[in-house]
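We use all heavy atoms of the structure for the numbers below, so side chains are in, but hydrogens, waters and symmetry mates are not. Protein chains get the first letters and strands the later ones, always in sequence-line order, with residue 1 at the start of each. Keep in mind it's a predicted model, so treat the numbers as computed, not measured.
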Protein chains: 2
Amino acid sequence: MSRSSTSRSAEGRRRPPTIHDVAREAGVSRGTVSRVLNGGHYVSPAAQDAVNAAIRKTGYVVNRHARSLITGRSDSVAFLLTEPQERFFEDPNFNVLLRGCTQALADRDIPLLLMIAGTADERRRNLRYIEAGHVDGVLLVSSHSGDPVVTQLRRAGVPLVACGKPLGQTAKVGYVAADDRDGAREMVRYLYASGRRRIATVTGPPDTPGGVERLAGYRETLAECGLPADESLIVPGDYSRASGEAAAGLLLERAPDVDAVFVASDLMAQGVLDTLARAGRRVPEDVAVGGFDDSPAAVASRPPLTTIRQPWDRISAEMVRMLLARIGGEEAAGVILPTELVRRESA
Amino acid sequence: MSRSSTSRSAEGRRRPPTIHDVAREAGVSRGTVSRVLNGGHYVSPAAQDAVNAAIRKTGYVVNRHARSLITGRSDSVAFLLTEPQERFFEDPNFNVLLRGCTQALADRDIPLLLMIAGTADERRRNLRYIEAGHVDGVLLVSSHSGDPVVTQLRRAGVPLVACGKPLGQTAKVGYVAADDRDGAREMVRYLYASGRRRIATVTGPPDTPGGVERLAGYRETLAECGLPADESLIVPGDYSRASGEAAAGLLLERAPDVDAVFVASDLMAQGVLDTLARAGRRVPEDVAVGGFDDSPAAVASRPPLTTIRQPWDRISAEMVRMLLARIGGEEAAGVILPTELVRRESA
DNA sequence: CTGAAAGCGCTTACAG
DNA sequence: CTGAAAGCGCTTACAG
């Protein structure tokens with residue numbers, strides 16, 4: 001226990017022990033130490049033990065810079081949020097995703113670098129950093145179609161996994177997404193089963209997967225249920241609460257007899273609830289409201305929202321797993337994860 | 001324009017240009033290239049230009065690992081969220097802070113590593129990483145008193161700046177905080193000025209600066225206004241919405257004549273609003289409600305909250321500035337930033 | 001102002 | 001299974 005625990009003074013930082021200190025302590029060469037550090041192949045059990053003991057004794061931690069310099073890997077990963085998705089930062093879902101990725105990576109001892117590319121300048125800077133090889137791969141949050149970042153990253157050959165299906169360029173880009181279409185179907189089926197017959201929808205932007213897929217699920221299910229397709233029941237939103245409020249206003253004008261609305265996000269559903277309350281419609285008695293996401297907003301709204309749960313924990317875990325696989329040379333793939341209906345009071 | 005733009009194939013990643021390639025291109029030694037890279041001291045204008053041109057032409061980007069290996073700096077910074085503050089992750093304030101820090105660092109080309117120390121195991125891992133010198137400093141979110149991470153980081157001599165005053169160990173720890181006490185004072189003064197005389201408060205936990213400072217501000221102002229100190233008007237909460245709901249219930253029992261309540265967070269204020277609505281009290285007519293934070297919840301709640309705005313943008317900018325100064329050798333300091341009353345409808 | 005050289009702490013063939 | 005040695009891409013005194 002001579003100089004174990006800490007190798008720093010109370011004042012400042014000392015020079016940490018190197019592989020050389022460990023080798024001396026263990027009575028072996030630096031090569032041997034390195035070998036046990038990297039999997040312990042071709043090392044005798046005796047040497048193993050000696051080295052491990054020496055590592056504990058000296059408090060040795062590998063210098064990642066030196067390692068990276070020679071391996072060419074950085075053993076770190078970027079979490080990149082691109083412009084169109086920037087407001088996602090205010091979305092509670094984002095936190096769950098970010099935290100999930102951080103922890104899944106931490107389990108493998110891989111640091112996560114957070115990058116925000118809100119402006120063109122920031123985008124340039126981040127791309128430069130990434131393309132310089134400072135990270136081994138990137139977890140991308142950017143589902144809008146035609147995002148230039150996706151194209152550039154792909155061209156640069158950087159391993160890449162997107163959250164949500166990258167519209168139009170699914171070919172070479174790995175992605176993990178919730179089953180938007182099926183989630184929408186389940187919700188609409190549920191509304192129908194509870195007796196609703198004038199079921200409207202507030203959609204997401206048409207250049208997002210959630211915008212198109214959830215609408216598609218809505219349309220299909222209506223048809224399956226034998227309900228007429230009525231375009232006046234379809235109102236566009238942009239995922240914001242304000243757009244939900246406005247959409248509901250429009251809806252009430254165009255179709256006063258509406259008795260249910262499937263809203264493509266919880267945030268918008270809150271806006272719908274606001275408008276409905278102001279119009280004196282009771283929820284769910286007069287109008288049932290179904291959301292999407294199962295974000296904190298679903299619990300926070302009054303009444304609490306019946307909604308479709310996105311499996312964020314699984315999504316983040318899967319994104320990390322897939323990115324690591326891609327870094328290891330595996331081909332891109334798309335993973336679609338099932339959603340789940342969560343019943344609360346709004347429908 | 002021979003091999004400018006990209007130096008990678010469409011297939012994978014090529015070996016990026018090194019300082020050696022730049023030197024050859026510019027017709028100078030590697031030492032000279034390095035000098036212009038590091039500030040351009042002792043370099044002739046001619047050499048400057050030649051090197052800069054060569055950098056552009058080759059698309060050279062410095063290999064940070066090689067640089068760090070020799071300088072001993074990592075040129076990166078950790079953003080560490082520790083256990084007691086973990087739920088802060090669900091707090092919208094957190095996003096603003098994290099984003100602000102990320103961008104302030106990005107402006108200086110310093111990557112931010114996100115770390116979450118929710119469990120003891122995670123804490124150990126993160127500390128190990130940090131103490132190994134893999135980051136130059138840490139931005140810490142952990143305001144609960146007696147956080148072991150603070151002590152360990154301090155002992156390890158790692159430059160450190162906390163968000164919020166670290167109770168009990170302000171000595172050697174730099175921190176940036178909003179002026180909680182003054183914010184509380186302003187709110188209570190405002191409630192008093194609008195004619196309220198039975199002003200209650202829902203507090204934060206007593207081991208957080210927001211818990212103690214905001215309560216202190218409340219008490220002081222009441223005294224100054226000549227209002228009697230009535231302990232039944234003080235109800236504890238834990239910053240959660242649910243605790244706000246419960247606190248308001250208790251309050252209504254103990255002091256049915258309450259006509260205003262200063263709530264130490266917007267989230268709790270939402271809970272207070274819920275209970276008040278259920279009890280049939282009109283806000284602000286019967287009871288005025290003041291929050292704290294000016295988080296998105298303040299706008300989202302019905303009615304929108306009159307609250308105290310925390311200057312998160314300034315807080316994050318200041319945290320980064322101070323951390324960089326500390327890394328540069330400057331002494332620790334505490335910075336208190338002023339808050340601002342935001343009037344909306346609840347008071 | 002500039003080049004040659006040492007060295008940061010590792011990993012990895014290459015011989016044994 | 002193990003050691004000696006080369007080399008990853010930089011920075012920084014040290015001589016000129």
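Base contact: B:Ser34 has a heavy atom under 4.0 Å from a base atom. Counting non-hydrogen atoms under 4.0 angstrom, B:Arg30 reaches a base of the nucleic acid. Residue contacts shown for A:Thr18 are limited to sugar-phosphate atoms, with no base heavy atom under 4.0 Å away. Residue-level contact check: A:Arg35 touches the bases, meaning some heavy atom is under 4.0 Å from a base atom.
With 3.5 Å as the limit, one finds no donor-acceptor pair spanning the side chains of A:Asp21 and A:Thr58.
Put simply, the side chain of B:Leu139 does not reach to within 4.5 Å of the side chain of B:Leu80, judged on heavy atoms. You'll find the side chain of A:Leu112 stays beyond 4.5 Å of the side chain of B:Met115, heavy atoms only. Using a 4.5 Å heavy-atom threshold, the side chains of B:Tyr175 and B:Leu160 count as separate.
Along DNA chain D, read 5' to 3', the first and last nucleotides having any atom under 4.0 Å from a heavy atom of chain B are D:dG9 to D:dA13.
Ring geometry for A:His65 against B:His65 counts as tilted: the plane angle lies between 30° and 60°, on a 0 to 90° scale.
Distance check on atom P: D:dC1 versus D:dA5 gives 23 Å, rounded to whole Å. The same atom, P, is picked in D:dT2 and in D:dA6; the two are 22 Å apart, to the nearest Å.
Take the nearest nucleotide of DNA chain C for B:Ile70 and for B:Gly31: the residue whose nucleotide is more 5' is B:Gly31. Sequence order on DNA chain C of the closest nucleotides to B:Leu69 and B:Ser44 puts B:Ser44 first from the 5' end.
Residue B:Arg125 qualifies as enclosed at atom CZ: its count of foreign heavy atoms under 6.0 Å is above 12.
The backbone N or O of B:Gly100 lies less than 3.5 Å from no partner atom in the side chain of B:Gln103, so there is not a single donor-acceptor pair. No donor-acceptor pair under 3.5 Å is formed between the side chain of B:Ser76 and the backbone N or O of B:Val135.
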Canonical and wobble pairing (Watson-Crick, G-U, under 3.5 Å) of DNA chain D, dot-bracket with |: |||.||||||||.|||
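Every residue two or more places apart in sequence or in another chain was checked for a side chain to side chain donor-acceptor pair (under 3.5 Å) with B:Asn52, and none qualifies.
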